[in-house]
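Everything on this sheet refers to the single structure shown next.
Please read all numbers here as calculations on a predicted model, not as lab measurements. Each chain gets a letter, A, B and so on, in the order its sequence line appears, and its residues count up from 1.
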Amino acid sequence: MSARASLGIDPEELASCVACGLCLPHCPTFRVTGEEWASPRGRISAMRQVQDQGAAIDQAFLSSMDTCVQCRGCEPACPSGVPFGSMMEATQAELARRRRVDWRQWGFRVLGHPWLLNLFSRGLAVGQRLRLVPSRRLGLPKIPLRQHRLRVSGDDVWLFTGCVMDAWQRSTHAAVKRVVEAAGAGVALPGAAAGCCGALSLHAGLEGHSRALAVRTMRALEGSAPILVDSAGCGAVLKEYGKHLGTPAAVAFSKRVMDVHEWLAARADRLPSALEGGQDLTIAVHDPCHLRHVQRAHQPVTEVLTPFATVVALDDDGLCCGAGGAYAAMQPELAAAIRERKLEAIRRSGADIVASANPGCTIHLANAGVAVRHPLEIVDEMVDYDH
Amino acid sequence: MRLRRTTGTDPLVEDLCRVLPAERVRAAPLERSIMGRDSSIFEGGQAGPVCFPISTEEVQGCVDAARRHGRAVVPRGAGTGLAGGAVPLDEPVVVVTTKMNRLVSLDADQRVAWVQPGMINLDLSRAVAAHGLHFAPDPSSQQVCSLGGNVGTNAGGPHCLAHGVTSAHVLAVEVVLMSGESVVLGDADGFAPGLDLRGAYVGSEGMMGITTAVAVRLTPNPPAVQTILLAFDTVDAAAQTVSAVIADGIVPAAIEMMDRNIIWAVENFVGAGFPTDAAAVVIVEVDGLPGGVEAEADRVGELAIERGGRVRRAADDQERALLWKGRKSAFGAIAQIKPNYYLHDTVVPRTRLAEVMNRVYEIVDEHDLQVMNVFHAGDGNLHPLLLYDRREPGIMARVHAAGSAIIEASLAAGGVLSGEHGIGIEKRDFMQLMFSEADLDAQSRLRRAFDPDEMANPGKVLPTGASCADVNALEKVPEGVWG
C-alpha cells in the first residue's frame with residue numbers, strides 16, 4: 001500500500017495547527033513513548049506530509065496513525081481548538097478504503113447483529129468455564145453464562161443498551177435501570193432493534209458500516225424521549241450522529257442523547273438516600289476519555305456518586321487508560337504501558353475501588369487487577385430503595 | 001516502548017544500532033521529516049537518524065557514532081523551542097532526550113534535585129510539590145517543555161521576574177561533549193571552583209554538547225499568593241502602571257501583559273472572565289508573607305486605579321490557575337485567527353514599553369499585517385506575534401520585513417534581541433545588529449573551546465562569517481527552511 005493521494009481531510013482543519021506542542025503531555029502514546037510521531041502534533045505533521053506534500057503512505061505513516069488511541073485528550077488541551085478526532089477519522093476512512101482485506105470488518109459486523117453476538121458470547125462463556133479460552137491473554141472479562149431479561153418499565157426515557165455491553169455486562173444495565181427508575185422515570189428499551197452504535201467501525205474508518213448502524217439505532221430509538229447512555233464511548237458517538245450524518249433527523253436525535261449521569265445529576269434530589277455506612281468507601285473516579293474529552297460531561301459522575309461515598313479525583317489530568325474500544329486488542333503493548341500510568345495514579349489516590357462509566361475502560365482496568373465498577377452499580381448497592 | 005522496528009542499510013544507522021536497540025534508532029523518511037521542525041516558524045529542516053537514548057552512556061555512543069561518520073549532532077527535548085534551536089540542518093544525528101525523563105535524586109533539605117534532561121518542567125514541580133517546593137522558571141510551555149531545553153535556552157517565564165531565569169536555578173550540568181567525553185560543569189553543592197563553566201554552558205543552545213543531567217535548585221512555595229487582573233482602556237495606561245508598580249518598590253512574582261486581540265482568543269479558550277472590551281490586561285502576582293502580600297496587592301490596585309484601570313483579584317487557587325492557563329496558552333490559541341505566527345522576543349527598557357509597542361502597531365499597519373502582544377511586561381520582554389497564513393502568496397516577505405523593523409525599533413530603544421527564547425536559526429542573522437565582529441568572534445571562540453569542530457548543533461546562534469572556522473556547509477539557511 002503505497003500511493004500518493006489526499007487523505008480527504010478538510011484543508012482548513014489540517015492548516016489549523018500552529019505546532020505549539022501543548023497537546024503533547026495530554027497524549028497517552030506520547031507520554032509513554034516520548035516519540036513525536038506518536039503525538040497529535042507529529043500525527044498532524046504526518047497527515048500534512050501525505051495530503052499536502054504527496055509523501056507516500058508507508059509503514060511509518062500507518063504506525064503513526066494506528067497507534068493513536070483516538071481518546072481525543074488533545075482536543076480540550078488545544079488552545080486553537082484543532083479538531084483532531086475529525087482529522088483522524090477522515091484518515092482512518094481513507095486507510096480503510098485502501099486496505100483490500102480488513103479482518104476488522106468481520107469482527108465489527110458481528111456487533112451489528114445482537115443474536116449473533118449473543119450466540120458467540122455464550123459460546124465464549126462456556127469456553128471460559130471449560131478453560132478453553134485464554135481470557136487473560138485476550139483481555140476478556142468473565143462473560144456470564146445466562147442473560148437476565150431486562151423489562152420495559154415505561155416510556156419517559158430510553159436506555160441505550162448497545163452491543164458488547166449488553167452481551168457481557170447486562171447486569172450493569174440492570175443496575176442503571178433500577179437507579180433511573182428510583183429517580184422516578186419509566187425506562188424504555190430498544191431490545192434487539194438497536195445493537196452497536198457504530199463507534200468501533202467509525203474509529204476503524206469503516207464509514208459505510210458505521211453509518212448503517214447509526215441509521216438503525218436512530219430508527220430503534222424513536223420519539224422524543226431523552227436517550228440515556230451508560231457507556232461513555234457509545235454516548236460520544238450518539239451525540240455526534242448529527243455531525244457525521246449531517247441530516248436534520250440526526251441532529252435532532254443527537255440533541256436527545258445524554259450520558260445517564262448528566263440526566264441523574266439534574267435530578268439528584270429525587271434519588272433515595274444512602275444506606276447507613278455507605279460513606280466508608282473511598283472511590284476514585286476514572287474519567288473515560290469519551291466522557292471527559294469528547295462529551296465534556298465527566299463532572300456529573302462525581303456529583304451523582306458524592307452522596308453515597310467519599311469520592312476522590314485522580315491526579316493525572318484525565319489521561320487515557322489505554323482501553324480505547326478495540327485499541328487494547330490491536331495495540332496490546334502500548335495499551336498496557338498507558339494503563340501502567342493510570343494504575344500509578346490509582347495507587348496514589350488511595351481509593352478502595354474505581355468507578356468507570358465506560359465498559360471498555362472497566363474491562364481493561366479489571367484485567368490489571370483493579371477493583372472497578374460502573375458508577376451506578378456502586379450507587380445501586382448504596383441506595384436505600386426502601387426509603 | 002516499541003512501535004516499529006527500523007531496518008536500515010545506512011552504515012551510520014547500523015553503527016547507531018550497535019549502541020542502541022534498533023527500535024530506538026529511527027530513520028524512515030517520514031520520521032526524519034517529522035523531526036524536521038519544532039514550535040518555531042521553520043519548516044523543512046531535515047533530520048538524519050533519530051536516536052532515543054536512555055542513559056549518558058548511550059548518548060556518548062550516539063555522539064561517537066556520529067563523529068566517526070563526520071555527522072553533526074542536534075539535541076532535542078520536547079521540541080517546543082520558538083527560535084528553531086532544535087531544527088536539524090543537513091541531516092545531523094538527532095538525539096532526543098524524551099525517554100530520559102526521570103527524577104534521579106532529591107535532597108529536599110538542601111532543596112536540590114538531579115533530573116534527567118527529558119523531564120518535563122511541570123512534572124518536576126509536581127514531583128517535589130509534596131515537599132513544599134517547586135522549580136521556579138515556568139515558561140508558558142512548562143506543561144510540555146523539558147529541562148534540557150530550559151538549560152539550552154536559559155529559559156524564562158512569568159515567575160522569573162522575582163526569582164531569575166533558568167541559570168539562577170541550575171547548580172550543575174552533566175554534559176556529553178562532542179569528543180564523547182562526559183563532564184560535570186558546576187557543583188550541586190554550589191561550591192564550584194575556577195571559572196563558571198556552568199554559567200557559560202546554560203543558554204548555549206546545544207552548541208557545546210548534550211545535557212544528560214541537571215542539578216536544579218528548588219524554591220520553597222510561597223506562604224501566600226495574590227493574583228490581580230488589571231484591565232485598561234489604553235496600552236499606554238497599562239504600560240505606565242507596570243512602570244509605576246516597579247518604581248513603587250514592589251517586586252511582584254510576575255507582571256504579564258496581553259493586548260486586545262489575544263485577550264479575545266484566550267478568553268474564547270479558557271473562559272476565565274478576561275475582559276474582552278479592554279485594550280490591554282495586566283496580570284500581577286505578588287507572593288510572600290500574608291501581611292506583606294495583602295499590602296502589596298492593595299497598592300498595586302491603587303496604582304492601577306489611578307491610571308484608569310479596573311481591578312479584579314483571583315478569589316481562590318482555582319481562579320488563579322484559570323488566569324494563568326489563559327496566559328500560558330496564548331501562543332497556541334493563535335490558530336483561532338491565523339494558522340501561522342512569527343514570534344519575536346526582544347527586550348526593551350521598561351520605561352519605553354509603551355513607546356515601542358506603539359511603534360510595533362505602526363510597523364504592522366505599514367505592512368498590512370495583524371499583531372498580538374502577550375509578554376513579560378515586568379522585565380520589558382516583548383512577544384509581538386505576527387499573524388499570517390503561509391498559503392497567502394507574498395505574505396512571507398511582508399512578515400519578514402515587519403519582523404526586521406520590530407527588531408530594529410527595539411534595539412534603537414536600547415533593547416536586546418532575545419529575552420528567553422534563544423537565537424536559534426530565527427534570530428541568527430540579526431546578531432550582527434547587536435554585536436560587533438569582535439563580540440561575535442569571542443562568542444565563537446568560547447563555543448569552540450567546548451566543541452572545536454563545531455559538530456554540536458551547527459548553524460545556530462552565530463551568524464556565518466563570525467569566525468574563521470570552516471562553516472561553508474552552513475553558509476546560509478537552506479532553501480525551503482523558511483515556511
Side-chain angles (χ1 to χ4, degrees), chain A residues 11-27 29-39 41-50 52-53 55-64 66-67 76-82 315-317 331 333-334 336-338 340 348, chain B residues 1-4 6 24 26 28-40 43 50 52 76 78-82 96-101 118 120 122-123 126 140-141 143-146 265-266 268-270 325-326 328-341 389-391:
Chain A
E12 288 305 314
E13 288 184 3
L14 195 54
S16 65
C17 168
V18 290
C20 70
L22 290 183
C23 52
L24 266 56
H26 302 278
C27 172
T29 56
F30 180 78
R31 269 288 186 174
V32 299
T33 65
E35 296 171 13
E36 182 76 19
W37 36 84
S39 79
R41 181 176 67 172
R43 290 182 175 115
I44 290 172
S45 173
M47 290 171 189
R48 285 177 175 171
Q49 284 173 42
V50 170
D52 294 346
Q53 287 154 37
I57 294 177
D58 59 6
Q59 196 51 47
F61 182 78
L62 291 179
S63 168
S64 173
D66 289 344
T67 53
C78 177
S80 282
V82 171
D315 63 359
D316 62 352
D317 288 336
Q331 303 282 348
E333 276 184 56
L334 271 170
I338 294 166
E340 197 48 49
R348 284 196 298 273
Chain B
M1 173 49 46
R2 181 163 60 89
L3 288 180
R4 195 182 65 77
T6 306
R24 289 198 269 114
R26 310 290 282 263
L30 181 83
E31 292 163 345
R32 288 165 46 194
S33 62
I34 287 175
M35 282 294 164
R37 70 173 299 192
D38 55 13
S39 292
S40 70
E43 295 180 30
V50 182
F52 292 88
R76 178 186 171 106
T80 52
L82 293 160
V96 187
T97 58
T98 48
K99 289 183 199 276
M100 298 173 72
N101 59 0
I120 293 174
L122 187 59
D123 282 0
R126 283 180 174 167
S140 295
S141 57
Q143 58 162 313
V144 54
C145 65
S146 59
V266 159
N268 200 27
F269 172 53
V270 294
K325 185 180 179 187
K328 293 191 173 186
S329 55
F331 297 165
I334 297 296
Q336 292 180 49
I337 298 154
K338 293 274 182 184
N340 305 93
Y341 63 77
D389 183 338
R390 68 189 156 90
R391 296 169 296 181

- prompt: Any donor and acceptor pair, going by atom type alone, linking the side chain of A:Arg41 with main-chain N or O of A:Ala19 inside 3.5 Å?
  reply: yes

- request: Between chain B and each of A:Cys17, A:Ser80, A:Ser39, A:Pro76, count heavy-atom pairs under 4.5 Å; write down the option with the most.
  value: A:Ser80

- request: Measure the OG-CD distance between A:Ser16 and A:Glu12 for me, rounded to the nearest 0.5 Å.
  value: 8.5 Å

- line: Whatever's closer than 4.5 Å to a heavy atom in chain B on A:Cys78 counts as backbone

- prompt: Looking at B:Lys328, B:Lys338, B:Arg76, which makes the most heavy-atom pairs under 4.5 Å with chain A?
  reply: B:Arg76

query: Which bit of B:Ile34 is near chain A, if near means a heavy-atom gap under 4.5 Å: side chain, backbone, both or neither?
result: both

- prompt: Hey, is the main chain of A:Ala46 close enough, under 3.5 Å, to the side chain of A:Arg43 for a donor-acceptor pair?
  reply: no

task: Select one option (side chain, backbone, both, neither) describing which atoms of B:Tyr341 are under 4.5 Å from chain A's heavy atoms.
output: side chain

task: With rounding to the nearest 0.5 Å, note down the distance linking CZ in B:Arg26 to CH2 in A:Trp37.
output: 5.0 Å

- request: Sort B:Val266 into side chain, backbone, both or neither according to what part of it lies under 4.5 angstrom from a heavy atom of chain A.
  value: neither

statement: Applying a strict 4.5 Å limit to non-hydrogen atoms, the region of A:Glu36 in contact with chain B is both

- prompt: When only pairs under 4.5 Å are counted, which of B:Val50, B:Leu82, B:Leu30 shares the most heavy-atom pairs with chain A?
  reply: B:Leu30

- prompt: Judged by atom type as modelled, is there a donor-acceptor pair below 3.5 Å linking the side chain of B:Ser329 to the main-chain atoms of B:Gly332?
  reply: no

message: Show, in sequence, the C-alpha distance, side-chain angles and deciding distance for A:Ser45 and A:Gln49, and conclude whether the side-chain hydrogen bond (donor to acceptor under 3.5 Å, both in side chains) test is met.
response: CA-CA 6 Å; A:Ser45 173; A:Gln49 284 173 42; 3.3 Å; yes

- line: So CZ of B:Arg126 and CG of A:Asp315: to nearest 0.5 Å the spacing works out to 8.0 Å

field: Atom group of B:Asn268 that falls short of 4.5 Å from chain A, counting heavy atoms
entry: neither

Region of A:Asp317 that comes under 4.5 Å of a non-hydrogen atom in chain B: side chain

